[in-house]
Amino acid sequence: MTSQPLLEPLLEWYDRHARDLPWRDGSATPWAVMVSEFMLQQTPVARVLPVYLEWLERWPTPADLAAETSGEAVRAWGRLGYPRRAQRLHAAAGEIVAGHGGEVPASYQELRALPGVGDYTAAAIASFAFGQRHVVLDTNVRRVLARAGAGQELPRPSPTRAERELAEALLPLDGSTAAAWSVAAMELGALVCTSREPACHRCPVRDRCAWLAAGRPAYDGPAHRGQAWAGTDRQVRGRLMAVLREAEGPVHLSRLEAVWSDAAQRDRCLSSLLADGLVVRTGERTYALD
Ligand code: SF4
């Protein structure tokens with residue numbers, strides 16, 4: 001299968017239906033794209049948007065962010081979750097200033113060497129900020145390729161070699177078309193080919209989709225890990241961080257104790273925040289963002 005059967009209808013659909021998002025605007029700088037990619041790693045667009053706009057207003061360049069403390073970056077991260085991303089983005093801004101003259105580097109290898117930038121993020125920044133040809137496999141793209149290209153309801157929990165080969169085979173050769181293809185597949189997965197209820201009747205590639213043609217067979221591969229939240233350490237860490245973020249200064253331990261009744265779990269989570277460098281101890285029983 002080549003990219004051609006899916007490419008044109010998908011790009012046409014994208015032109016007409018894509019959401020108007022600031023990081024896709026032609027005027028978005030590589031730094032703006034990078035900030036958006038960090039924020040979107042594990043957080044939906046609707047929650048990212050207001051925080052993204054505030055960040056870019058406040059720190060329009062890597063140098064602006066690097067001049068702040070890491071704690072201020074974590075505070076401004078608000079409730080996006082996984083606050084180590086803020087810490088790493090702050091560290092990456094520092095390295096961009098120190099090693100790249102304050103400009104986000106364009107090469108995949110240099111991007112990949114920055115704190116917090118994994119394979120997906122490096123490929124996404126190189127594609128969307130610099131129009132290069134890279135396979136960009138986020139969860140939405142993976143689902144669209146699994147269905148339309150491989151005839152399976154869902155991809156495997158982790159990318160397989162066969163999946164990467166399919167993604168590579170479908171990727172247009174030209175860099176800017178490849179970037180357009182990736183963002184369009186991403187958008188189709190977010191808006192139409194959703195995980196639970198794919199709207200095949202309004203899909204631009206429905207007459208070329210292998211999964212639809214096969215009668216939408218149920219997924220029978222290895223189980224996907226659920227995104228449990230209630231009662232997890234992630235929830236507890238989030239509660240502790242919210243108290244620290246909203247405080248003007250150091251917070252007494254008693255205020256942290258009030259947000260979670262299981263003392264063992266709360267202590268474990270507070271220790272992990274200290275170990276991650278997100279929180280510092282400022283007195284015998286007081287804490288603050290780093
Ligand atoms: S036809 Fe349905 S399953 Fe196939 S890509 Fe479109 S929305 Fe997804």
Side-chain angles (χ1 to χ4, degrees), residues 21 23 34-59 64-66 68-94 115-118 120-121 138-140 157 190 194-196 223-290:
L21 299 173
W23 48 85
M34 182 167 168
V35 170
S36 77
E37 288 299 336
F38 267 70
M39 291 184 172
L40 291 164
Q41 276 167 13
Q42 276 139 323
T43 310
V45 164
R47 282 174 54 207
V48 163
L49 255 177
V51 184
Y52 165 89
L53 293 172
E54 278 169 27
W55 267 58
L56 266 291
E57 172 87 23
R58 188 167 171 191
W59 300 308
D64 295 317
L65 179 60
E68 288 280 5
T69 62
S70 169
E72 201 46 41
V74 171
R75 189 185 301 277
W77 197 252
R79 303 184 66 86
L80 291 184
Y82 296 103
R84 290 187 77 186
R85 290 180 290 168
Q87 211 177 25
R88 291 181 178 135
L89 183 52
H90 177 266
V117 178
Y120 165 78
T121 305
D138 83 336
T139 53
N140 286 321
T194 58
S195 178
R196 297 219 173 124
H224 284 254
R225 210 158 39 93
Q227 291 277 324
W229 164 254
T232 61
D233 283 6
R234 270 186 58 218
Q235 184 184 20
V236 182
R237 281 167 58 106
R239 291 228 180 140
L240 297 173
M241 286 297 288
V243 173
L244 292 159
R245 202 171 47 237
E246 281 148 27
E248 289 297 322
V251 165
H252 192 268
L253 180 61
S254 57
R255 287 182 57 196
L256 299 174
E257 287 171 345
V259 297
W260 200 259
S261 57
D262 179 337
Q265 188 179 20
R266 189 186 60 231
D267 290 350
R268 179 173 71 239
C269 292
L270 183 56
S271 297
S272 75
L273 291 171
L274 288 162
D276 288 346
L278 287 162
V279 173
V280 288
R281 201 169 178 158
T282 53
E284 197 175 336
R285 290 171 72 79
T286 55
Y287 298 85
L289 293 183
D290 186 15

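Every value quoted in this text rests on a predicted model; they were computed, and no experiment measured them.
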Stepwise side-chain contact (heavy atoms from CB on, under 4.5 Å) test for Tyr120 and Thr139: CA-CA 10 Å; Tyr120 165 78; Thr139 53; over 6 Å; no

With a 4.5 Å heavy-atom cut-off, do [X] and [Y] have their side chains touching?
| X | Y | value |
| --- | --- | --- |
| Arg79 | Val51 | no |
| Leu89 | Trp55 | yes |
| Leu278 | Asp290 | no |
| Leu274 | Tyr287 | yes |

Which pair of heavy atoms, one from [X] and one from [Y], lies closest together, and at what distance?
| X | Y | value |
| --- | --- | --- |
| Arg75 | Leu244 | NH1-O, 3.7 Å |
| Pro250 | Thr286 | CB-CB, 4.2 Å |
| Val74 | Arg245 | O-CD, 4.0 Å |
| Trp59 | Ala76 | CH2-CB, 3.6 Å |
| Tyr82 | Trp77 | O-NE1, 3.8 Å |
| Arg47 | Gly81 | NH2-N, 4.4 Å |

I need the [X] [atom1] to [Y] [atom2] distance, nearest 0.5 Å.
| X | Y | atom1 | atom2 | result |
| --- | --- | --- | --- | --- |
| Cys269 | Gln235 | SG | CD | 10.0 Å |
| Tyr52 | Thr43 | OH | OG1 | 15.0 Å |
| Leu256 | Arg239 | CG | CZ | 13.0 Å |
| Ser36 | Leu49 | OG | CG | 10.0 Å |
| His252 | Glu284 | NE2 | CD | 9.0 Å |
| Met241 | Glu246 | CE | CD | 11.0 Å |

Once salt bridge (charged side-chain N to carboxylate O under 4.0 Å, His left out) is applied, what residue pairs with a partner in residues 35-45 remain, sequence neighbours excluded? none

Donor-acceptor pair, distance only, cut-off 3.5 Å: does the side chain of [X] make one with the backbone of [Y]?
| X | Y | answer |
| --- | --- | --- |
| Arg237 | Leu240 | no |
| Gln87 | Gly277 | yes |
| His90 | Glu68 | yes |

Under-4.0 Å salt bridge between Arg58 and Glu72: yes

With respect to Asp276, which candidate in Arg88, Arg85, Arg84 satisfies the salt bridge (Lys or Arg N to Asp or Glu O under 4.0 Å) definition? Arg84

Only pairs at least two apart or in different chains count here, so list each side-chain hydrogen bond (donor to acceptor under 3.5 Å, both in side chains) that has a residue in residues 257-266. Asp233-Gln265, Trp260-Gln265

Near Glu57 CD, under 6.0 Å, is it more than 12 heavy atoms from other residues, nucleotides or ligands? no

